[in-house]
Amino acid sequence: MKPDEPTWTPPPRDGAQPPPELRRILGLFRPYRARLGLVGLLVAASSLVSVASPFLLREILDTAIPQGRTGLLTLLALGMILTAVVTSVFGVLQTLISTTVGQRVMHDLRTAVYTRLQRMPLAFFTRTRTGEVQSRIANDIGGMQATVTSTATSLVSNLTAVVATVVAMLALDWRLTVVSLLLLPVFVWISRRVGRERKKITTHRQRQMAAMAATVTESLSVSGILLGRTMGRSDSLTKAFSDESEQLVDLEVRSNMAGRWRMSTIGIVMAAMPAVIYWAAGLTLRSGSTAVSLGTIVAFVSLQQGLFRPAVSLLSTGVQMQTSLALFQRIFEYLDLEPDITEREKPVRLEKIRGEVAFEHVDFSYDEKNGPTLADIDVKVPAGAALAVVGPTGSGKSTLSYLVPRLYDVTGGRVTLDGVDVRDLDFDTLARAVGVVSQETYLFHASVAENLRFAKPDATDAEIEAAARAAQIHDHIASLPDGYDTLVGERGYRFSGGEKQRLAIARTILRDPPVLILDEATSALDTRTEHAVQEAIDALSAGRTTITIAHRLSTVRDADQIVVLDAGRTVERGTHEELLALDGRYAALVRRDTRPAPAAL
């Protein structure tokens, strides 16, 4: 990280934020109300149809068989078969619709998080591990899949089935129903306790998964592998990963076993209820009370067994929903992040951009506690002119360049483009107006052509080749076996530093911005490569407003204006010759650059 880059404090965790409201979670399903309503109808119809089967069974046992009514027996048997068919068809349709809705909600969540992160300031990404961000999108949202795709439907389905079954049981015999439901409040209390326990464990588990994902992202990248092997730390990195994985094993076991015995007890009790029903019915008969028919007992036990599955599933759904609250909270943390840089309600759009840039008494601070990074910068760059910004490390050079494309906003004064405050411009105008070539060139793991087309998706092959020729990289690309279809590799590691820089320049040429920012674009290159890249930069800079941030002063001699920064303030300005004649800070920097290297001993 550069000395003048900001710091970022991640959002608080460990309960610092209240759990998300149920209304907010339900709001995720609001766009799909019609489909969910259809699911509800299918669930209700399926539940009502399924409870008819025990009544048909009672008639078979109490009427059709004892009275030898073959025709009635056939109709009742066909009715039971039809009930099974209808229930199955409704179940398939219900699953199809609910899964589709759930996956759409998952898509909406992933897109919303990605969109919000795209709007976050650079400070967020300089202080947040990439693996942590990836884990939120992949693991946290992925972990919610079962809840989002099936829990809502399961809740409605099981609740409807339980209500319908209890009503049917009451219709058969209210006394046996009371015996069956005596322990239900205890079961609900147990499931709520288990849910709270699993929610707490899930929070720790997701945090550990994020830490492990960050470790993988950092240590298994090209840079991470190179560093680990050249430093002889492969074994220690493997051990660190193993330790983190071991912690995850413990949390996964605890998560799956939390309340398992208590929930198993509920299952045992529910499974034993038929025996209790038979026992209670036997006592009723022995006491001389009104006799319960054999058909009623068998039908009631069938209903009671049918109640077992949705009741246990309903309790498990409650546990799963409480567990999922931890995942929803982590996702909502990101969705609640407020971007520092936003577009005006009615932004200004410039159709034709001349490229005049002005810094009008600009102040900027990343952190008020540490004082200003820039103070009272007042510089104007006419359209088509070249401004060079030089100074010692940490003087605020890169920060100044960040303010033009609104990577950060000024804290005082203003930056203008063609006389309009950049904060009043729409994002599309800024993106079209300002191109940036930095020291750290980023290339996607894609072909050369795809990397270049990132700047202009509709660019023709001829336009791509012309841009590459201007950047003096076409001949090298053409010499590759796959030419422009060559994969550049992770972060462009198939190409040298100078080649990557020229690819970045070609990409910027293709976009053709009227304002160009060169942030130490050649500082990490050797002299020969720097010369080749500088020629490409000269071709790129022709006719554009150019702001060059440089350590090597050989690249800025021809600038129309040179500004020397020190501790965030302008200490000198003028042309190369004027500043040399002044014999001040700039002249000292030139002498430092031109000082011969010490002779080898």
Side-chain angles (χ1 to χ4, degrees), residues 111 114-115 118-119 343 349-355 357 383-384 401 404-407 417-418 422 425-519 521-522 525 529 532-548:
T111 303
Y114 186 85
T115 302
Q118 281 285 350
R119 297 172 58 195
E343 200 174 62
R349 180 179 180 83
L350 300 178
E351 296 299 335
K352 186 176 181 181
I353 303 167
R354 293 182 294 108
V357 176
S401 69
V404 180
R406 283 196 76 193
L407 299 179
L417 176 64
D418 290 350
V422 295
L425 294 172
D426 68 352
F427 288 151
D428 180 66
T429 295
L430 275 176
R432 287 186 295 110
V434 184
V436 179
V437 179
S438 65
Q439 175 184 340
E440 299 177 4
T441 300
Y442 187 86
L443 298 175
F444 294 102
H445 185 64
S447 69
V448 172
E450 289 172 314
N451 270 279
L452 296 179
R453 278 200 176 94
F454 188 76
K456 187 180 180 182
D458 59 348
T460 64
D461 291 343
E463 289 175 321
I464 289 176
E465 182 176 328
R469 286 185 183 279
Q472 300 192 24
I473 190 66
H474 169 74
D475 291 343
H476 176 70
I477 297 172
S479 69
L480 299 173
D482 295 325
Y484 283 87
D485 292 326
T486 302
L487 286 177
V488 302
E490 180 71 18
R491 295 183 64 86
Y493 271 88
R494 290 194 61 176
F495 292 85
S496 69
E499 291 163 352
K500 287 192 291 185
Q501 285 292 64
R502 279 176 278 179
L503 283 173
I505 292 168
R507 188 164 58 188
T508 306
I509 290 173
L510 201 59
R511 188 158 183 81
D512 193 25
V515 178
L516 178 64
I517 295 176
L518 303 170
D519 187 5
T522 63
L525 306 178
T529 304
V533 172
Q534 189 60 47
E535 288 184 357
I537 289 176
D538 292 340
L540 173 61
S541 304
R544 306 175 199 275
T545 304
T546 307
I547 300 175
T548 303

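These values consider heavy atoms only, across backbone and side chains, with no hydrogens, waters or symmetry-generated copies.
Considering Ile517, Leu516, Val515 as possible partners of Thr545, the one that fulfils the side-chain contact (heavy atoms from CB on, under 4.5 Å) test is Val515.
In this structure, the separation between CZ on Arg469 and CD1 on Ile477 is 10.5 Å, given to the nearest 0.5 Å. Taken to the nearest 0.5 Å, the OG atom of Ser401 stands 10.0 Å off from the CG atom of Leu518. With rounding to the nearest 0.5 angstrom, the CZ atom of Arg507 is 12.0 Å from the CD1 atom of Ile509. Rounding to the nearest 0.5 angstrom, the gap separating the CG atom in Leu425 from the CZ atom in Arg432 is 9.5 Å.
A 4.5 Å side-chain heavy-atom check between Asn451 and Leu503 finds every atom pair outside the cut-off. Contact check for Val404 versus Leu417: no side-chain heavy atoms found under the 4.5 Å cut-off. Considering only heavy atoms from C-beta on, Arg544 comes within 4.5 Å of Asp512 through its side chain.
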_For a side-chain contact (heavy atoms from CB on, under 4.5 Å) check, start with the C-alpha distance between Phe495 and Ile473, then their side-chain angles and the critical distance, and finish with the verdict._
CA-CA 11 Å; Phe495 292 85; Ile473 190 66; 5.5 Å; no
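Distance alone, capped at 3.5 Å, is enough to place a donor-acceptor pair between the Arg511 side chain and the Ala455 backbone. At distances below 3.5 Å, at least one donor-acceptor pair connects side-chain atoms of Asp426 with backbone N or O atoms of Thr429.
Listed by chain and residue number, Arg453 satisfy the salt bridge (Lys or Arg N to Asp or Glu O under 4.0 Å) test with Asp461 (two or more places apart in sequence, or in another chain).
Nearest heavy atom pair, residue Ala433 against residue Ile353, reads CB-CD1, 3.6 Å. Closest heavy-atom contact between Ile505 and Ala471: CG2-CB, 4.0 Å. Looking at every heavy atom in both residues, Val434 comes nearest to Pro513 through C-CB, 3.9 Å. Across Tyr484 and Ala468, no two heavy atoms sit closer than the pair OH-CB, 3.2 Å. Considering every non-hydrogen atom in both Val437 and Gln501, the closest pair reads CG1-OE1, 4.5 Å.
By the 6.0 Å contact criterion, CZ on Phe427 is enclosed, its count of non-hydrogen atoms from other residues, nucleotides or ligands being greater than 12.
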